[in-house]
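Dropping the structure in here first, questions after.
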Amino acid sequence: MAVTTRLVDFRQLLIFGGVFGPREITQICEAIAAAPENLRLFREAVRHLESSEDESPALNVRLGVCLFLLGEYRRAVDVLKKGDNGALAWFYLGEALVGLGQFDEAIQAFETAARAGFDTDRCALAAVEALRQAGRPQEALARLESVSPQGRKSAEFMYQKACTLRQLSGDPTEIVALLEEAVAADPGHPGALFGLALEYDRRGCDEEAFELYERAASRFPPHVGALLNLGLMYEDRGEFDRAAECYRRVLDAHPDNERARLFLKDVEAVRDQYYDEEVQRRRDRLAQILNIPVSDFELSVRARNCLQRMGIVTLGDLCRCTEQELLASKNFGETSLQEIKEMLASKGLRLGMLAGEKKPPAWLDTASLTPDQQALLNRPVSDLNLSVRARKCMARLGINTLGDLIRYSADELLECKNFGVTSLNEVVNKLAAFGLKLRGE
């Protein structure tokens, strides 16, 4: 898979591809960094992988690594633990555990990965990262001594050493020199770019810091610190839309990041103080387009019936749906999907572009729920311990929590492929054990 700005067929790579290892993972990251639109395609491929009937250990490793790349650390851990116990699975299990703050377990996973044959220097440096984040810089410095002479020439080694020395209040000149050497060794290393930007930022070298933050934020997975600091710099420049986009990218991967949530709230409040007539005109025009009925278009009977069953009346309704949701509907395949996409494209729209605007239906008044009730709705749907067939339906529809599930009616679930009355009864009974019902029951 050549790394260019073209869009990539991630389904082919993840599901039908052969070897899956560090090289392929690097290719995925570089492809997304080169063409941000590839991130959407990657997400779709991962969701398709989740709904696969194949639950083999090898597939769980692929899925677990992909979930880690998307920042879904807890789910990555659960899936990787069902992997093949190979070196790759242990290494990325350690990476996901670091993301969850489970540092001792992560270090054990890296050590197991090294024994299983994963690159020993990468495992050692990953353990250094875990020790640093655990607030144990002296141990991290000692662990750096285990890296081979060849490994000490890598950008990751120089970055980890610089960060460890910074934690130990080391010589600032040496720290900057190490980071500059790391960036020279690997101009795309997110951590080194962020670390050097931070040093320049502290010294008042705003332009140099800004350029490095932008480079770090353009990588995949992006550096959270780089996105936050870049957002703040955009705010200082009055570029509030770009600042908001930085914070949204953080929240997209880490919904619980309080700093990003607070920064986004602040920047939106400031941005709303500015009135742009041209922006308003564009919004009005978009609102008119979104209100156009889908019945105004010549659609095939199959596509029209599917939209009718799903309660989709306008183009706006359609833009709130994802490809995954449409393909989950019975008798709706790739041909109908392409027909819908072409219809939307003719109006400058695309599926899923308004997916984030979905609101709870009127019958579910979340504002009136008690904390206990809200906590119940936030429980993962996996707590129902559903059969494989029912679980596949949940994955196809993007149902992650009990709250997501009870927004569906029985008829809507029955529209899902391979989901019948037996599965419906199972879901209804499992929900009843929690005191919950499907919509309309």
Side-chain angles (χ1 to χ4, degrees), residues 28-44 46-47 65-77 92 95-103 106 129-130 132-133 159 163 188-202 206 209-272 352-358 378 398 400-401:
I28 289 172
C29 294
E30 291 183 350
I32 295 172
E37 177 64 10
N38 276 324
L39 177 57
R40 178 183 62 80
L41 300 177
F42 179 59
R43 288 183 186 279
E44 290 176 0
V46 174
R47 300 311 169 211
V65 171
C66 292
L67 291 171
F68 165 76
L69 294 177
L70 292 173
E72 300 182 37
Y73 301 139
R74 194 168 302 283
R75 295 182 62 209
V77 167
Y92 278 95
E95 292 279 54
L97 288 167
V98 170
L100 294 174
Q102 299 175 25
F103 304 117
E129 174 75 24
R132 283 199 310 101
Q133 290 198 32
Y159 163 66
C163 292
H189 191 287
L193 289 167
F194 170 72
L196 187 56
L198 194 60
E199 292 296 330
Y200 285 167
D201 204 351
R202 289 171 174 171
D206 293 347
F210 181 77
E211 188 265 337
L212 288 166
Y213 281 139
E214 280 198 316
R215 285 168 60 186
S218 71
R219 308 307 298 164
F220 180 81
H223 195 289
V224 171
L227 284 170
L228 292 174
N229 287 6
L230 180 61
L232 292 173
M233 295 191 85
Y234 275 134
E235 286 191 59
D236 290 341
R237 294 168 176 239
E239 299 181 54
F240 301 114
D241 285 338
R242 288 189 172 185
E245 178 60 25
C246 288
Y247 305 144
R248 288 196 190 96
R249 285 180 63 192
V250 175
L251 291 171
D252 188 38
H254 308 285
D256 298 328
N257 190 297
E258 290 302 325
R259 289 183 67 203
R261 191 177 303 283
L262 177 62
F263 290 170
L264 180 60
K265 183 177 180 181
D266 289 345
V267 76
E268 287 181 336
V270 172
R271 187 179 58 181
D272 289 344
M353 64 181 288
L354 301 179
E357 296 183 6
K358 290 183 179 179
N378 288 335
N400 298 312
T401 67

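Everything numeric here is computed off the predicted structure, so don't read it as measured data.
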Could you walk me through whether Leu212 and Phe194 pass side chain to side chain contact (heavy atoms under 4.5 Å, CB included), step by step?
-> CA-CA 7 Å; Leu212 288 166; Phe194 170 72; over 6 Å; no

Which residues pass the salt bridge (Lys or Arg N to Asp or Glu O under 4.0 Å) test with Arg74, sequence neighbours left out?
->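 Partners of Arg74 under the salt bridge (Lys or Arg N to Asp or Glu O under 4.0 Å) test: none.
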
Separation of Leu251 CG from Phe263 CZ (nearest 0.5 Å) =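 Phe263 atom CZ to Leu251 atom CG measures 11.0 Å (nearest 0.5 Å).
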
What are the two closest heavy atoms between Gly191 and Tyr159, and how far apart are they?
->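 Of all heavy-atom pairs spanning Gly191 and Tyr159, the closest is O-CE1, 3.1 Å.
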
Output the distance between atom CZ (Arg219) and atom CG (Leu193), rounded to the nearest 0.5 Å.
->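 Here the interatomic distance stands at 8.0 Å.
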
What's the shortest heavy-atom distance between Leu70 and Phe220, and which atoms?
->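 Heavy atoms only, the tightest pair is CD2-CZ, 4.4 Å.
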
Can you give the donor-acceptor pairs under 3.5 Å from side chains of residues 221-232 to other protein atoms, not counting sequence neighbours?
| unit_1 | atom_1 | unit_2 | atom_2 | d |
| --- | --- | --- | --- | --- |
| His223 | ND1 | Gly225 | N | 3.1 |
| His223 | ND1 | Ala226 | N | 3.4 |
| Asn229 | ND2 | Tyr213 | OH | 2.9 |

Stepwise, does the side chain to side chain contact (heavy atoms under 4.5 Å, CB included) test hold for Leu67 with Val77?
-> CA-CA 9 Å; Leu67 291 171; Val77 167; over 6 Å; no

Residue list, side chain to side chain donor-acceptor pair (under 3.5 Å) with Tyr247, at least two apart or on another chain =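 Tyr247 satisfies side chain to side chain donor-acceptor pair (under 3.5 Å) with Glu235 once adjacent residues are dropped.
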
To the nearest 0.5 Å, tell me how far Arg40 CZ sits from Asn38 CG.
->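 Spacing of CZ (Arg40) from CG (Asn38) equals 9.0 Å.
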
Nearest 0.5 Å, what's the CG-CG distance between Asp206 and Asp236?
->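 These two atoms lie 8.0 Å from each other.
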
For Tyr73 and Ala96, which heavy atoms make the closest approach, and how far apart are they?
->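 Looking at all heavy atoms of both residues, the closest pair is CB-O, 3.7 Å.
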
If you round to the nearest 0.5 Å, how far is CD of Glu37 from CG of Leu41?
->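 So the CG of Leu41 and the CD of Glu37 are separated by 5.5 Å.
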
Centroid separation Phe240 to Tyr234 less than 6.0 Å |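 Not under 6.0 Å, so no.
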
Spacing of CZ belonging to Arg249 relative to NE2 belonging to His254, to within rounding of 0.5 Å =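 It is 11.0 Å, given to the nearest 0.5 Å.
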
Residues Arg43, Asp252; criterion side chain to side chain contact (heavy atoms under 4.5 Å, CB included); working and verdict = CA-CA 12 Å; Arg43 288 183 186 279; Asp252 188 38; 2.4 Å; yes

Salt bridge (Lys or Arg N to Asp or Glu O under 4.0 Å) assessment of Arg47 paired with Glu44 | CA-CA 5 Å; Arg47 300 311 169 211; Glu44 290 176 0; over 6 Å; no

Test: Arg132 and Glu129 ion pair at under 4.0 Å =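 Here Arg132 pairs with Glu129 in a salt bridge, since their nearest N and O are under 4.0 Å apart.
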
Arg237: partners by side chain to side chain contact (heavy atoms under 4.5 Å, CB included), with sequence neighbours left out |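 With sequence neighbours excluded, Arg237 shows a side chain to side chain contact (heavy atoms under 4.5 Å, CB included) to Glu207, Phe210, Glu239, given in chain and number order.
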
Please name all residues satisfying salt bridge (Lys or Arg N to Asp or Glu O under 4.0 Å) with Arg259, sequence neighbours left out, ordered by chain then number.
->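 If we apply the salt bridge (Lys or Arg N to Asp or Glu O under 4.0 Å) test to Arg259, skipping adjacent residues, there are no hits.
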
Can you name the residues that form a salt bridge (Lys or Arg N to Asp or Glu O under 4.0 Å) with Glu245, not counting sequence neighbours?
->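 Per chain and number, Glu245 pairs via salt bridge (Lys or Arg N to Asp or Glu O under 4.0 Å) with no residue.
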
Taking every non-hydrogen atom, the tightest pair across Ala106 and Val98 |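 Shortest heavy-atom separation between Ala106 and Val98 comes out as CB-CG2, 3.6 Å.
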
